[in-house]
Amino acid sequence: MTNHTKCLIIGTGPAGFTAAIYASRAMLNPIVIEGPQPGGQLITTTEVENFPGYIDGVQGPKLMEDLRAQALRFGADIRSGIVSKVDFSGAVKKVTLAAGDEFTADSVIICTGAAARYLGLPDEQKYLGLGVSACATCDGFFYRGRVVAVVGGGDTACEEALYLSNLAKKVYLIVRKDYLRASKVMQQRVREKENIEILFSTVTMGLFGEEVLEGAHVATHSGTANENFYDIAIDGFFLAIGHQPNTEVFLGSVDLDEAGFIKVAAPSTATSAPGVFAAGDVADPHYQQAISAAGMGCRAALDAERYLMEQA
Ligand code: NDP
């Protein structure tokens, strides 16, 4: 079993597996490193209805199983492990796993994804998939005619609140400060929506519900003399407080933006390290969709192939 490849792919979400399918079919014999959450964020999703090709929708884990099987069919060599060290300084890239295995590669595609940020309340995990979600585009459809809350005051929160306002009966936007951080245009759109109620200076203290989510305990002006606790009845609780890209191990090896996402030279997927490419949520703070990650994975494999041809 060789530990050298023309193309090493790190991560097995939609971007990683799509890159693996393309790289395998291009005879690059990719080795794919499957990390701590094989299949990525979709493994924790229930039904996915917006991935093209699945007329009746598909369960997130099933979608990832299909992508994995498709990558294996073309010969992708999938290995498990957590990348603990990388050296992208030379023509031959070095990647070391926590267990000690070492890989060398002529090109690398980073697809390590991002993790939605949660508030850290124990109740969030309890109701995950039972009312708690970090993706309105993925799960909003299940809340048609219901009452939901979105947490956050940035562009994502406003966008998610607007998206949900077209489906849900009512949307609470829970904002911890007394103003929105979002762009002016997004703020205006949110304020113009009659069924969005913004709860400023409000924090979520907890969630409740018999079996599924039924409401949230919130507090206004928490920690001040004007502190006020009350409950809101909601069926859905959407986190939109940002994403944390999984880039810690690449710090110093490729350029990151101020939020930690890998910078790519769009429209290419090239990073600041020659021969190293990035695709999916790890390099895309904006779209964060399975299909856009898959598309970027395809582009990264094509970019890697072109790079290798130029080096030959
Ligand atoms: P942001 O970092 O811009 O906003 C995060 C929001 O979550 C802030 O309002 C922040 O509050 C709040 N927040 C963070 N932690 C907590 C917490 N523990 N409790 C309560 N609230 C919390 O992230 P976004 O995902 O909104 O945006 C990321 C980037 O993507 C931005 O540059 C944005 O402009 C861009 N984007 C652009 C879009 C567009 O143009 N259509 C759409 C989506 C994203 P506080 O303000 O108090 O810090």
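Ligands are counted one by one from 1 in listed order, and the atoms in each one are counted from 1 as well.
Scanning the protein for heavy atoms near atom 23 (O) of ligand 1, the closest one is Gly242 CA, 4.1 Å. Here the heavy atom of the protein found nearest to atom 9 (O) of ligand 1 is Gly153 N, 2.8 Å. The closest protein non-hydrogen atom to atom 47 (O) of ligand 1 is Arg176 NE, 2.9 Å. Nearest protein heavy-atom contact of atom 2 (O) of ligand 1 is Arg181 NH1, 3.4 Å. In terms of protein heavy atoms, atom 41 (N) of ligand 1 is closest to Glu159 OE2, 3.0 Å. Looking only at protein heavy atoms, the nearest one to atom 31 (C) of ligand 1 is Asp155 OD2, 4.7 Å. Looking only at protein heavy atoms, the nearest one to atom 26 (O) of ligand 1 is Thr156 N, 3.0 Å. Among all protein heavy atoms, the one lying closest to atom 22 (C) of ligand 1 is Ile241 CG2, 3.4 Å.
Residues Asp178 and Ser201 have side chains that never bring a donor and an acceptor to within less than 3.5 angstrom of each other. At a cut-off of 3.5 Å, with distance as the only test, a side-chain donor of Asp303 or Thr269 sits close to an acceptor on the other residue.
Any N or O atom pair closer than 3.5 Å counts here, and Gly154 shares at least one such pair with ligand 1. For ligand 1, none of its N or O atoms has an N or O atom of Leu119 under 3.5 Å away. Checked against a 3.5 angstrom limit, the closest N/O atoms of Lys177 and ligand 1 fall inside it.
With salt bridges taken as basic N to acidic carboxylate O contacts below 4.0 Å, none links Lys94 and Glu102. Remark: Arg189 does not engage Glu159 in a salt bridge, criterion side-chain N to carboxylate O under 4.0 Å. Of the charged side-chain nitrogens involved, none lies within less than 4.0 Å of a carboxylate oxygen, so that Asp87 and Lys85 do not count as a salt-bridged pair.
Tested against Phe237 for a side-chain contact (heavy atoms from CB on, under 4.5 Å), the candidates Ile174, Leu130, Ile232, Asp123 yield a single pass: Ile174.
Taking the six-membered ring for Trp, Tyr22 and Phe74 have ring centres at least 6.0 Å apart.
Of all atoms in ligand 1, numbered sequentially from 1 with element shown, those under 4.0 Å from a heavy atom of His286 are 37 (C), 38 (C), 39 (C), 40 (O).
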Assess the residue pair Phe229 and His217 against the criterion (ring-ring contact (aromatic ring centres under 6.0 Å, His included)); give the C-alpha distance rounded to whole Å, side-chain angles, the decisive distance to 0.1 Å, and a yes or no.
CA-CA 7 Å; Phe229 295 92; His217 305 296; 9.6 Å; no
The test is side-chain hydrogen bond (donor to acceptor under 3.5 Å, both in side chains); show your working for Thr112 and Asn246 and say whether it passes.
CA-CA 6 Å; Thr112 47; Asn246 301 319; 5.5 Å; no
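Counting only heavy atoms, the protein gets under 4.0 Å from atom 19 (N) of ligand 1. Shown here, atom 29 (C) of ligand 1 is out of close reach of the protein: none of its heavy atoms lies under 4.0 Å off.
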